[in-house]
Asker: 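Handing you a structure now.
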Amino acid sequence: MTKGRTVATAMIGATALLLSLMPAAHAAQCGNGPGGYEAWKREFSAEAQGKGIGQTAISALMQTNYASATIGADRSQHSFSLSLDQFLAKRGATTIVARGRSLKQSQAAIFASIEQRYGVPPGPLIAIWGMETGFGSQRGNQNMLSSIATLAYDCRRPEFFTEQLYAALKLVDRGTLSGSTRGSMHGEVGQTQFMPKNILAYGTGNLDVAANALSSTANFLKANGWRAGAGYQPGEPNFAAIQAWNAAGVYQKAIALMGRQIDGGGGAAAAR
């Protein structure tokens with residue numbers, strides 16, 4: 001090895017050593033209470049600007065407040081630990097199925113169009129619609145951006161909700177959402193309760209409009225492996241797409257069961 005190469009190698013090694021001793025780029029610090037939220041907003045806003053988020057979204061973020069109700073709801077999701085029968089009773093499955101059958105008939109043209117395009121039959125879509133918002137009647141009244149920003153700041157699941165927050169900020173910059181958009185406790189919006197990342201990926205229009213929300217939900221299911229004509233009960237090919245929609249096992253089974261009943265596939269005992 002020549003002397004020049006020896007010197008160059010030494011310099012590269014020294015540079016690498018210096019870089020390894022330097023502190024990593026500072027990320028906004030998570031917290032477990034409201035005390036650090038304002039400082040976190042300033043730090044996160046600076047990071048977001050550096051990643052191309054526009055001033056409209058940054059201004060909306062800076063106007064958010066720490067959402068104590070969201071944190072309370074995030075810590076008390078007890079219904080997902082219930083048995084299937086208990087969960088169905090708590091969520092009003094009998095009412096959802098009865099109303100769902102009626103909507104399947106009255107909105108037959110919409111559901112036929114969705115099934116033709118995405119291959120998803122009415123039953124599971126209607127079950128999700130009824131489960132999530134009572135067919136649009138309970139879409140939440142929390143400030144969407146405050147809820148998601150609070151969860152991104154909170155130390156429990158910051159990685160997941162930081163991705164959701166960046167998606168929400170992009171949607172605010174585009175004008176799809178705004179700083180005043182209302183949603184549910186975790187920032188879900190629309191008739192079937194979409195999180196921001198899923199709006200970006202699968203949204204087909206204003207999700208407060210039932211037809212758009214149902215179409216977007218079918219788009220999500222198709223993108224997650226739904227196959228036209230295949231079954232969607234546990235163990236059947238399309239159940240995995242329902243699992244992608246919600247991680248709770250009891251929720252997944254409830255959607256499959258109610259969907260089958262709405263689609264005319266038999267009673268509770270037949271679907272288990």
Side-chain angles (χ1 to χ4, degrees), residues 23-77 132-133 136 138-209 212-213 216-217 219-220 223 245-247:
H26 179 68
Q29 184 64 45
C30 72
N32 292 305
Y37 183 67
E38 293 301 318
W40 175 89
K41 279 198 306 187
R42 293 191 293 271
E43 294 174 6
F44 191 92
S45 293
E47 294 172 17
Q49 282 184 305
K51 294 183 178 182
I53 299 298
Q55 191 55 48
T56 298
I58 296 297
S59 296
L61 175 60
M62 291 304 296
Q63 293 173 33
T64 61
N65 297 308
Y66 183 83
S68 297
T70 286
I71 294 299
D74 190 59
R75 302 292 191 267
S76 59
Q77 300 184 69
E132 293 289 351
T133 67
Q138 302 169 26
R139 281 173 275 172
N141 196 33
Q142 305 297 311
N143 180 276
M144 176 276 302
L145 200 56
S146 288
S147 293
I148 294 175
T150 297
L151 290 165
Y153 158 71
D154 185 63
C155 288
R156 184 166 178 238
R157 290 181 288 169
E159 294 85 3
F160 175 82
F161 282 102
T162 293
E163 292 184 356
Q164 297 294 339
L165 180 54
Y166 271 114
L169 294 174
K170 290 177 183 177
L171 290 165
V172 171
D173 268 342
R174 293 179 184 182
T176 304
L177 301 176
S178 75
S180 61
T181 296
R182 313 303 286 184
S184 294
M185 286 297 183
H186 290 76
E188 311 96 326
V189 299
Q191 296 261 346
T192 56
Q193 300 287 273
F194 266 65
M195 293 295 289
K197 278 190 69 177
N198 286 340
I199 297 174
L200 283 176
Y202 310 110
T204 62
N206 182 350
L207 298 178
D208 285 326
V209 176
N212 291 338
S216 299
T217 305
N219 190 23
F220 173 96
W245 178 264
N246 188 295

Asker: Are the side chains of V172 and S178 in touch, meaning some heavy atoms are under 4.5 Å apart?
Answerer: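 V172 vs S178: side chains apart.
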Asker: Do any N or O atoms from the side chain of R182 and from the backbone of V189 form a donor-acceptor pair under 3.5 angstrom?
Answerer: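 Flag not set: sc R182 to bb V189 has no pair under 3.5 Å.
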Asker: Quick one: list whatever passes side-chain contact (heavy atoms from CB on, under 4.5 Å) with A69, sequence neighbours left out.
Answerer: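 side-chain contact (heavy atoms from CB on, under 4.5 Å) list for A69, sorted by chain: Q142, M185.
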Asker: Nearest heavy-atom pair of E43 and A28: which atoms, and what distance?
Answerer: OE1-CA, 3.2 Å
Asker: Output the distance between atom CG (L151) and atom NE2 (H186), rounded to the nearest 0.5 Å.
Answerer: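 Taking CG in L151 and NE2 in H186, the distance rounds to 5.5 Å.
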Asker: For S184, enumerate each residue passing the side-chain contact (heavy atoms from CB on, under 4.5 Å) test, keeping only those at least two apart in sequence or located in another chain.
Answerer: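 In terms of side-chain contact (heavy atoms from CB on, under 4.5 Å), with neighbours along the sequence ignored, S184 is linked to E188, Q193.
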Asker: Evaluate side-chain hydrogen bond (donor to acceptor under 3.5 Å, both in side chains) for Q191 paired with E132, printing each intermediate quantity in order.
Answerer: CA-CA 8 Å; Q191 296 261 346; E132 293 289 351; over 6 Å; no
Asker: Do side-chain atoms of T133 reach the backbone of T192 as a donor and acceptor pair under 3.5 angstrom?
Answerer: no
Asker: Who are the side-chain contact (heavy atoms from CB on, under 4.5 Å) partners of E159, not counting sequence neighbours?
Answerer: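 Expected list: none.
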Asker: For I58 and A48, which heavy atoms make the closest approach, and how far apart are they?
Answerer: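 Looks like CD1-CB, 3.7 Å.
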Asker: Taking N198 for its side chain and G203 for its backbone only, find out whether a donor-acceptor pair lies under 3.5 Å.
Answerer: no
Asker: Return the CG to CD1 distance between L61 and I53, rounded to the nearest 0.5 Å.
Answerer: 9.5 Å
Asker: For K41, give me all partners under side-chain contact (heavy atoms from CB on, under 4.5 Å), at least two apart in sequence or on another chain.
Answerer: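 If we apply the side-chain contact (heavy atoms from CB on, under 4.5 Å) test to K41, skipping adjacent residues, the hits are Y37, E38, M62, T64.
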Asker: Is the backbone of N206 close enough, under 3.5 Å, to the side chain of N212 for a donor and an acceptor to pair up by distance?
Answerer: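 Flag set: sc N212 to bb N206 pair under 3.5 Å.
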Asker: Is there any side-chain hydrogen bond (donor to acceptor under 3.5 Å, both in side chains) pair reaching into residues 160-172, and which pairs are they, with sequence neighbours excluded?
Answerer: E163-K197
Asker: Report the residue from F220, F194, W245 that forms a ring-ring contact (aromatic ring centres under 6.0 Å, His included) with Y202.
Answerer: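 Single ring-ring contact (aromatic ring centres under 6.0 Å, His included) partner of Y202 among F220, F194, W245: F220.
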Asker: Test of understanding: with side-chain hydrogen bond (donor to acceptor under 3.5 Å, both in side chains), list the residues that count as partners of R42, not counting sequence neighbours.
Answerer: none
Asker: Taking the six-membered ring for Trp, are W40 and Y66 ring centroids under 6.0 Å apart?
Answerer: no
Asker: Considering all heavy atoms of both residues, which atom of L200 and which atom of A167 are nearest to each other, and what is their separation?
Answerer: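 Nearest heavy atoms, L200 then A167: CD1-CB, 3.5 Å.
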Asker: Quick check: closest heavy atoms across S147 and T70, and the distance to 0.1 Å?
Answerer: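 Scanning both residues completely, I find the closest heavy atoms to be OG-OG1, 3.0 Å.
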Asker: Distance check, rounded to the nearest 0.5 Å: N143 atom CG versus S180 atom OG?
Answerer: 7.5 Å
Asker: About how many Å separate CG of N65 and OG1 of T150, when rounded to the nearest 0.5 Å?
Answerer: 8.0 Å
Asker: Quick check for you: to the nearest 0.5 Å, what is the distance between M195 atom CE and M144 atom CE?
Answerer: 9.5 Å
Asker: Backbone N or O of G136 within a donor-acceptor pair of the R139 side chain at under 3.5 Å?
Answerer: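 Answer holds: yes.
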Asker: Walk me through it: do C30 and D154 pass the test side chain to side chain contact (heavy atoms under 4.5 Å, CB included)?
Answerer: CA-CA 5 Å; C30 72; D154 185 63; over 6 Å; no
Asker: Could you pull out the closest heavy-atom pair between A67 and S146, with the gap in Å?
Answerer: CB-O, 4.0 Å
Asker: Please round to the nearest 0.5 Å and tell me the distance separating atom CG of L177 and atom CG of L171.
Answerer: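 Reported to 0.5 Å precision, the distance equals 4.5 Å.
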Asker: Write down the atom of I148, the atom of A168, and the distance for their closest heavy-atom approach.
Answerer: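 Scanning both residues, the minimum pair turns out to be CD1-CB, 4.4 Å.
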